[in-house]
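In what follows, a single structure is set out as structure tokens and then discussed.
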Amino acid sequence: MNVEYIKAIIEAVLFAWSDPISIKEISKVIDLDLKTTERIIASMIDEFNFTKRGIQIIRMNDYVQLATKPEHHQYIQKLLEPKQNKGLTQATLETLAIIAYKQPIPKSEIEGIRGVKCDRALSTLIEKELIEEKGRLEKTGRPIIYGTTLVFLKTFGLNSLNDLPPISEFQLLTEDEEDIKDLFN
Amino acid sequence: MNVEYIKAIIEAVLFAWSDPISIKEISKVIDLDLKTTERIIASMIDEFNFTKRGIQIIRMNDYVQLATKPEHHQYIQKLLEPKQNKGLTQATLETLAIIAYKQPIPKSEIEGIRGVKCDRALSTLIEKELIEEKGRLEKTGRPIIYGTTLVFLKTFGLNSLNDLPPISEFQLLTEDEEDIKDLFN
Amino acid sequence: MSYKIKVQAFEGPFDLLFHLIEKNEIDIYDIPISEITVQYIQYIKAMQEIDLNVTSEFLVMVATLLEIKSKMLLPVEKKVDEQLEFEEVDPRNELVRRLLEYKKYKYVADALKSKGDLSSKLFFKPREEIIFDIDDSSNLLEEMDMNKLILAFNKVLKNHGSGSVNVNLRKMERETFTIEEKINAILNTLSTKAKVTFNHLFLKLSSRNEVITTFLALLELIRMKKVGVKQSNCFSEILIEIKSN
């Protein structure tokens with residue numbers, strides 16, 4: 001395998017994975033030693049920055065991730081005008097609902113249900129102390145699993161999770177979600 | 001804005017949006033006429049294919065989307081759970097093929113060709129969003145007519161319906177077969 | 001007598017007929033109807049024996065085959081009127097036409113399948129949630145610290161270095177911008193928009209000098225508690241808004 005081919009594979013892996021991934025994990029996937037993988041990724045980071053590309057590789061400690069560049073932000077923002085409303089947005093509420101009913105649950109599963117990434121909603125919920133990390137799953141990437149907090153119970157006036165409305169009402173909620181999706185398509 | 005910068009923005013938009021997006025929408029975001037946008041995207045598609053990149057731009061009618069390339073799938077497979085793409089049964093595939101070539105088509109006509117009822121196949125295809133109702137025929141019973149969707153194009157790697165394998169080829173092929181058989185008789 | 005036949009599931013009468021034609025290497029345009037009918041019926045019986053679902057369509061085909069067979073047994077009628085004589089229609093024609101039509105799509109279905117196999121090897125990225133939502137913007141300065149602001153400032157400078165703005169580092173110039181001026185400019189922007197992003201403030205600036213002055217003006221406004229700053233998470237947009245008091 002030549003270097004160009006390895007770079008292509010790494011790009012593909014970063015794209016498909018889309019979340020931060022450790023360089024060690026990448027080295028396992030491409031079956032190459034850590035040092036060489038490190039070096040190749042470092043040169044990819046430079047190339048992505050140097051060439052006028054729309055995406056970049058950002059590095060956080062031993063993790064890397066594909067992301068858009070800040071200078072294109074204004075265009076991406078045009079895709080969807082800001083929706084300002086009081087309290088939690090629909091997106092955040094939906095994420096919270098999924099966590100409440102399916103906890104403990106990893107991010108990937110929430111995203112599977114909602115069909116969109118929900119990093120922003122998760123960080124809002126964590127910030128508001130409505131959810132918290134409950135540990136990690138023992139599988140690839142050791143994903144964090146989330147659950148609701150005491151603040152959540154208090155905020156929604158529940159004595160316990162058993163007080164959550166029965167699941168049939170929850171199904172109605174996901175139909176709303178379809179409507180929302182329709183709006184954006 | 002020079003072309004390279006526009007390409008970077010388009011890449012960023014495709015990356016951030018992730019789902020199929022219409023070229024028209026892209027042209028609005030970058031504030032450029034449709035023709036020029038079309039041309040730039042066409043040249044991007046070539047560039048992504050030509051250069052050894054890990055991602056490509058796939059086109060379905062007037063929609064485009066970023067995707068990995070098939071040759072890297074074995075590596076990505078190591079990270080992601082295998083796709084739950086239980087292939088379609090022969091019956092469903094035949095039904096889909098008839099719809100693809102003869103759309104818009106009512107159920108009765110499909111059944112005429114296949115010689116069997118195809119309600120099950122139709123509901124599977126609708127569920128998988130490979131076909132959809134395209135309206136009703138103005139005749140007795142006002143039967144529903146069916147056609148294929150964007151998901152259909154995506155699933156079978158077609159840019160448009162014009163990309164369907166030409167049906168005459170198969171006839172020629174089978175006639176050739178007959179000839180070859182004759183040779184040996 | 002009974003044939004030992006391997007019975008498989010067939011998609012329908014055409015599928016079964018097609019199988020028989022291929023198996024017997026029959027010319028589709030000259031189907032020996034009697035022979036095919038016998039075999040067809042044997043298959044149907046075998047299918048029933050092993051409890052395969054023999055739907056009514058299979059039985060309708062038996063009727064069709066028998067009808068064709070009987071038509072072929074009838075002597076060909078001589079037309080009295082010579083002028084009306086036309087080529088005798090082969091009773092098998094309709095069946096052949098439908099078989100060919102079916103065969104066409106059977107092949108196409110296989111071609112589609114292999115195309116589908118290839119594109120099932122593609123992976124897509126999960127969609128990002130592009131909602132620039134402001135989830136309850138009451139706590140403006142919460143979680144903000146100087147480090148984040150300075151990081152953001154660095155980013156602005158770096159972006160300007162990438163060519164979108166003309167930055168001249170070698171020439172020394174007289175200061176043409178004052179902090180007072182920039183404070184007014186920021187307040188002016190905020191009076192029409194209520195909320196602007198951090199990047200927006202620096203968008204149209206022409207020199208490093210102006211960028212720095214604007215940044216200092218912003219710091220000054222924060223110190224005077226005239227504006228508030230909020231960022232929902234790391235590396236996301238920083239929002240600047242006027243403080244109502």
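Computed from heavy atoms alone, side chains included, the values below leave out hydrogens, waters and symmetry copies. Here is how names work: the chains are called A, B, and so on, in the same order as the sequence lines, proteins then strands, and each is numbered from 1.
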Minimum heavy-atom separation for [X] to [Y], with atom names?
X      : Y      : result
C:F123 : B:H73  : CE1-CB, 4.0 Å
B:Y101 : C:V108 : CE1-CG1, 2.9 Å
B:K69  : C:L122 : C-CD2, 3.9 Å
C:K125 : B:A16  : NZ-O, 4.3 Å
B:A91  : C:E11  : CB-OE1, 2.9 Å
B:P165 : C:A111 : CG-CB, 4.0 Å

Can you tell which part of [X] gets under 4.5 Å to a heavy atom of chain C, answering side chain, backbone, both or neither?
X     : value
B:N2  : neither
B:L66 : backbone
B:Q65 : side chain
B:I55 : neither

Let me confirm one number: the [atom1]-[atom2] distance from [X] to [Y], rounded to the nearest 0.5 Å.
X      : Y      : atom1 : atom2 : answer
B:F156 : C:D117 : CZ    : CG    : 9.0 Å
B:I98  : C:K106 : CD1   : NZ    : 11.5 Å
C:S119 : B:L158 : OG    : CG    : 7.5 Å
B:Q77  : C:K121 : CD    : NZ    : 9.5 Å

A quick test of your reading: do over 12 heavy atoms of other residues, nucleotides or ligands sit less than 6.0 Å from [atom1] of [X]?
X      : atom1 : result
B:Y63  : OH    : no
B:R120 : CZ    : no
C:K45  : NZ    : no
B:K117 : NZ    : no

Would C:Y102 and B:E94 count as a side chain to side chain contact (heavy atoms under 4.5 Å, CB included) here? Give the steps. CA-CA 9 Å; C:Y102 173 72; B:E94 281 175 19; 3.0 Å; yes
So which part of C:D110 gets closer than 4.5 Å to some heavy atom of chain B, the side chain, the backbone, both or neither? side chain
Heavy-atom pairs under 4.5 Å with chain C - which of B:P70, B:A100, B:G157 has more of them than the others? B:P70
Of all of B:H72, B:Q74, B:R114, which one pairs up most often with chain C through heavy atoms under 4.5 Å apart? B:R114
So is B:K154 actually on top of C:F124's ring, under 6.0 Å and inside 45° of the axis? yes
Working for side chain to side chain contact (heavy atoms under 4.5 Å, CB included), residues B:L88 and C:L112: CA-CA 11 Å; B:L88 300 172; C:L112 272 184; over 6 Å; no
Does the distance from a Lys or Arg side-chain N to an Asp or Glu carboxylate O, for B:K102 and C:E101, drop under 4.0 Å? yes
Hey, does the side chain of C:R98 reach the backbone of B:G112 with a donor-acceptor pair shorter than 3.5 angstrom? yes
